[in-house]
Amino acid sequence: VRGSVDTKKNGIILKTLFPKKMKMIVLDQQLGKIEGVPPSDRYVPGGLISYYAQARGQIYFLHTIELLDMPLVLAKDDILFFHHVIELVYYSTPFASSVPEIYGLVHQLYGPYNGLHTEEFKIAYLFKLLVALGMHPEEPRFQDANYYLLARESIDTIINKSIHLDIKQA
């Protein structure tokens with residue numbers, strides 16, 4: 001229900017527009033990408049937050065915001081990878097487009113890290129993310145059923161499986 005503030009929501013901050021505007025762009029677990037107005041400017045991109053949201057037109061007023069997590073270990077070891085994932089989602093997801101798989105993929109980066117983000121994992125992860133965002137490669141060598149089976153597998157399965165990709169050709 002528009003305007004309703006009944007249930008607490010979860011989201012990932014994709015971009016802040018501070019100090020020019022008191023707004024931030026959030027990938028909401030149920031609503032997709034939304035434009036939110038927080039009560040203060042103390043939030044940063046990449047933050048996993050919970051909040052109540054009240055819709056007024058296309059804008060959501062956010063309150064009772066709690067920071068649940070920041071992927072600090074991943075950011076410390078590979079800030080560029082994390083930054084690119086956040087940017088890909090920000091620039092490639094339309095507002096109010098709810099694709100739970102996209103939220104799930106980004107949220108996966110907040111789990112236990114254990115240094116498992118090898119180059120093979122990153123290639124598989126980005127391929128899976130790009131397919132979830134609706135992008136498909138045009139090159140015939142990527143029109144292989146195995147690539148799309150990989151895109152449909154759980155990221156947990158990908159982590160635990162030995163993936164053989166030719167990184168130089170990907």
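We number each residue from 1, following the sequence as shown.
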**Study point:** Least distance between heavy atoms, Ile102 atom then Leu133 atom
**Key:** CD1-CD2, 3.4 Å
Exercise for review: Report yes or no: do Leu126 and Leu80 belong to one cluster of Ile/Leu/Val/Met/Phe/Trp/Tyr joined by side chain heavy-atom distances under 4.5 Å?
Suggested key: no
Check your understanding: So how far is it from Phe82 CZ to Leu72 CG, rounded to the nearest 0.5 Å?
Key -> 9.5 Å
**Study point:** Asn10 side chain near His107 side chain, heavy-atom distance below 4.5 Å
**Key:** no
Review point. Is a donor on one side and an acceptor on the other found under 3.5 Å between the side chain of Ser97 and the backbone of Thr93?
Key: no
Practice item. Spell out, as yes or no, whether a donor-acceptor pair under 3.5 Å connects the side chain of Lys9 to the backbone of Gln29. Key: no
Check your understanding: Below 4.5 Å, heavy atoms only, C-beta onward: do Glu35 and Ile25 meet side chain to side chain?
Key -> yes
Exercise for review: State, to 0.1 Å, how close Lys8 and Tyr52 come at their nearest heavy-atom pair, and which atoms those are.
Suggested key: N-CE2, 3.5 Å
**Study point:** side chain to side chain contact (heavy atoms under 4.5 Å, CB included) evaluation trace for Val89 with Lys33
**Key:** CA-CA 9 Å; Val89 173; Lys33 187 169 92 172; over 6 Å; no
Practice item. May I ask you to check whether Tyr60 and Tyr51 place their ring centres under 6.0 Å from each other? Key: no
Practice item. Hey, could you give me the CD1/CZ distance between Ile65 and Arg42, rounded to the nearest 0.5 Å? Key: 7.5 Å
Exercise for review: Show the numbers, then the answer: is there a side chain to side chain contact (heavy atoms under 4.5 Å, CB included) between Asp41 and Thr16?
Suggested key: CA-CA 8 Å; Asp41 63 356; Thr16 58; over 6 Å; no
Point to revise | Co-membership, hydrophobic cluster, residues Ile12 and Ile79, 4.5 Å side-chain | key: no
Check your understanding: Distance from Gln54 atom CD to His63 atom NE2, nearest 0.5 Å?
Key -> 6.5 Å
Point to revise | Within-4.5 Å side-chain heavy-atom neighbours: Lys23 and Ile59 | key: yes
Practice item. Using side chain to side chain contact (heavy atoms under 4.5 Å, CB included) as the criterion, point out the one residue from Leu48, Val44, Ile49 that pairs with Met70. Key: Val44
Point to revise | Heavy-atom donor-acceptor pair, Tyr125 side chain to Leu105 backbone, under 3.5 Å | key: yes
Review point. Of all heavy-atom pairs between Pro38 and Gly36, which one has the smallest distance, and what is that distance?
Key: CD-O, 3.5 Å
Check your understanding: Roughly how far, to the nearest 0.5 Å, is NZ of Lys15 from OH of Tyr90?
Key -> 5.0 Å
Review point. If you take all heavy atoms of Pro39 and Leu62, which pair is closest and at what distance?
Key: CD-O, 3.3 Å
Review point. How far apart are the closest heavy atoms of Val26 and Gly11, and which atoms are they?
Key: CG1-CA, 3.8 Å
Review point. What closest approach, in Å, do Pro71 and Tyr110 show between heavy atoms, and which atom pair accounts for it?
Key: CD-CE2, 3.2 Å
Check your understanding: Out of curiosity, does Ile34 fall in the hydrophobic cluster containing Met22 (side-chain heavy atoms, cut-off under 4.5 Å, transitive links)?
Key -> yes
Exercise for review: Decide side chain to side chain contact (heavy atoms under 4.5 Å, CB included) for Val106 and Ile86; before the verdict, give the C-alpha distance in whole Å, the side-chain angles of both, and the deciding distance to 0.1 Å.
Suggested key: CA-CA 8 Å; Val106 179; Ile86 295 295; 4.2 Å; yes
